[in-house]
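I'd like to ask you about the structure that follows.
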Amino acid sequence: RAEPKEAAEPTPEAAEDAAAYRRRELARVFGVLDARADGRLALAALESAVKALRTRKKDEITEVKSMKSPPGGVRLTMEAVCIMFEIKPNKVAAPDGRGKVDDFWDPAKKMMSDTKFLEKLFEYDKDNIKVEVVEKIRAYTTNPDFMPEIIQKASKAAMGLCSWVRAMETYDRVAKDVAPKRAMLAKAEGEYAEVSKLLAEKQAALKAVMDKLAALQSQIASLEKEASAAGALKQKFLLKFLATYDEGSGGTAVDAEGLE
């Protein structure tokens, strides 16, 4: 029965091919680069929204809170902020008198009365927004009336809050889209590093063999040179000996090759 063959060690060429493959894989995965760009845009939007909030003064919030009949844009904005903080609405009689509807205005005024209201906006846990909150808030961020430039006409303070809500929703959406791509990227980079290490090891081993071969060739060349020099010296002394012998004995010259 034939003995099972041992797996052959990957050659440097094979390792290099594998490295090239991983590079192609990285290029494929790097739709992630676009995702990263989206991530930077999301962070820029978030920073812009926070900056807009920091320019708001407490008296502007107080002004919004004091509104007896807030414009539609202000109501819309405060509803969205209440949803972000999971503040439940009051149930009030519907305008047509049929049943009850959600009303966020009184809970919103109570929320704005908190002395740490702005601080809570700045410290909001943007990385752990609940799915149900995001689902509800998208009904607002997709509403064409819920745009900062439109809300600004009703209230500058409300405009800042509108920008904050939109930035939070954008950040959450982009972060969830980028996360799996980042995981793919990390895996691909790890595999690429592993194959690159193998390639470096094989290349180093090949270099060691080539260096050894070069040293042996140099040694052989040196020995051949020494042998050639020794042969030439031997021939020189032999010819000199024969010449001396011939002159001294008066005999017949001897073939030099026959005495070697």
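In this chain, residues are counted from 1 in sequence order.
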(message) As an exercise, state the distance from NZ of Lys68 to CH2 of Trp105, rounded to the nearest 0.5 Å.
(response)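 Reported to 0.5 Å precision, the distance equals 10.5 Å.
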Anything under 3.5 Å between a donor and an acceptor, one on a side chain of residues 210-220, the other on a protein residue two or more places apart or in another chain? List them.
from, atom 1, to, atom 2, distance (Å)
Asp211, OD2, Lys207, NZ, 2.9

(request) Using the ring-ring contact (aromatic ring centres under 6.0 Å, His included) rule, collect all pairs that involve residues 63-97, keeping only residues at least two apart or in two chains. (result)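 Non-adjacent pairs meeting ring-ring contact (aromatic ring centres under 6.0 Å, His included): Phe85-Tyr124, Phe85-Trp164.
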(request) Measure the spacing between OG of Ser155 and CD of Glu60 and express it to the nearest 0.5 Å. (result)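 Taking OG in Ser155 and CD in Glu60, the distance rounds to 7.5 Å.
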(message) I need the Thr141 OG1 to Arg173 CZ distance, nearest 0.5 Å.
(response)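 Answer rounded to 0.5 Å: 7.0 Å.
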(message) Within the structure provided, determine whether Val133 and Met84 are in side-chain contact (heavy-atom separation under 4.5 Å).
(response)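 In contact.
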(message) Using a 3.5 Å distance criterion without hydrogens, assess whether the side chain of Thr77 forms a donor-acceptor pair with backbone atoms of Gly73.
(response) yes
(message) If I compare all heavy atoms of Pro89 with all of Pro107, which pair ends up nearest, and what's the gap?
(response)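 For Pro89 versus Pro107, the nearest heavy atoms are CA-CG, 4.2 Å.
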(request) Evaluate the side-chain proximity of Val101 to Lys91: yes if any heavy-atom separation is below 4.5 Å, no if none is. (result)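 No, too far: nothing below the 4.5 Å cut-off.
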(message) I'd like to know if Ile83 and Met147 are part of one continuous hydrophobic network [Ile/Leu/Val/Met/Phe/Trp/Tyr, side-chain heavy atoms within less than 4.5 Å].
(response)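 Not linked; separate clusters.
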(request) Group every Ile, Leu, Val, Met, Phe, Trp and Tyr by side-chain heavy-atom contacts under 4.5 Å, then state whether Val64 and Phe122 land in the same group. (result)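 Yes, it is one cluster - the side chains of Val64 and Phe122 are joined through contacts under 4.5 Å.
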(request) Look up atom NZ in Lys130 and atom CD in Glu135, then write down how far apart they are to the nearest 0.5 Å. (result)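 With rounding to 0.5 Å, NZ (Lys130) is 13.0 Å from CD (Glu135).
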(request) Kindly give the heavy-atom pair with the smallest separation between Met67 and Pro71, and that separation in Å. (result) SD-CD, 3.8 Å
(request) Could you tell me whether the side chain of Phe104 reaches within less than 4.5 Å of the side chain of Val81, counting heavy atoms only? (result) no
(request) Before giving the answer on side-chain contact (heavy atoms from CB on, under 4.5 Å), spell out for Met112 and Met78 the whole-Å C-alpha distance, their side-chain angles and the decisive distance to 0.1 Å. (result) CA-CA 9 Å; Met112 288 184 285; Met78 297 319 301; 3.6 Å; yes
(message) For a side-chain contact (heavy atoms from CB on, under 4.5 Å) check, start with the C-alpha distance between Tyr140 and Val165, then their side-chain angles and the critical distance, and finish with the verdict.
(response) CA-CA 9 Å; Tyr140 292 82; Val165 171; 5.6 Å; no
(request) Identify the two heavy atoms, one from Lys65 and one from Ser113, that lie closest to each other, and give their separation to 0.1 Å. (result) CD-OG, 3.2 Å
(message) For a side-chain contact (heavy atoms from CB on, under 4.5 Å) check, start with the C-alpha distance between Ile151 and Leu161, then their side-chain angles and the critical distance, and finish with the verdict.
(response) CA-CA 9 Å; Ile151 302 300; Leu161 293 170; over 6 Å; no
(message) Rounded at 0.5 Å granularity, tell me how far CG in Leu223 sits from OG in Ser228.
(response)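 Reported value, rounded in 0.5 Å steps: 12.5 Å.
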(message) Could you walk me through whether Arg75 and Asp103 satisfy the salt bridge (charged side-chain N to carboxylate O under 4.0 Å, His left out) test, starting with their C-alpha distance in whole Å, then the side-chain angles of each, then the deciding distance to 0.1 Å, before giving a yes or no?
(response) CA-CA 9 Å; Arg75 278 187 171 274; Asp103 185 88; 3.3 Å; yes
(request) Would you give the length of the straight line joining atom CZ of Arg166 to atom CE of Met168, rounded to the nearest 0.5 angstrom? (result)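 Arg166 CZ to Met168 CE: 14.0 Å, rounded to 0.5 Å.
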(message) Taking the basic N atoms (NZ, or NE/NH1/NH2) and the acidic carboxylate oxygens, is any pair closer than 4.0 Å for Lys136 and Glu132?
(response) no
(request) Can you see which heavy atom on Ala80 is nearest to which on Ile137, and at what distance? (result) O-CD1, 3.3 Å
(request) Might you work through the side-chain contact (heavy atoms from CB on, under 4.5 Å) test for Ile129 and Tyr171, ending with a clear yes or no? (result) CA-CA 10 Å; Ile129 305 175; Tyr171 179 88; 5.9 Å; no
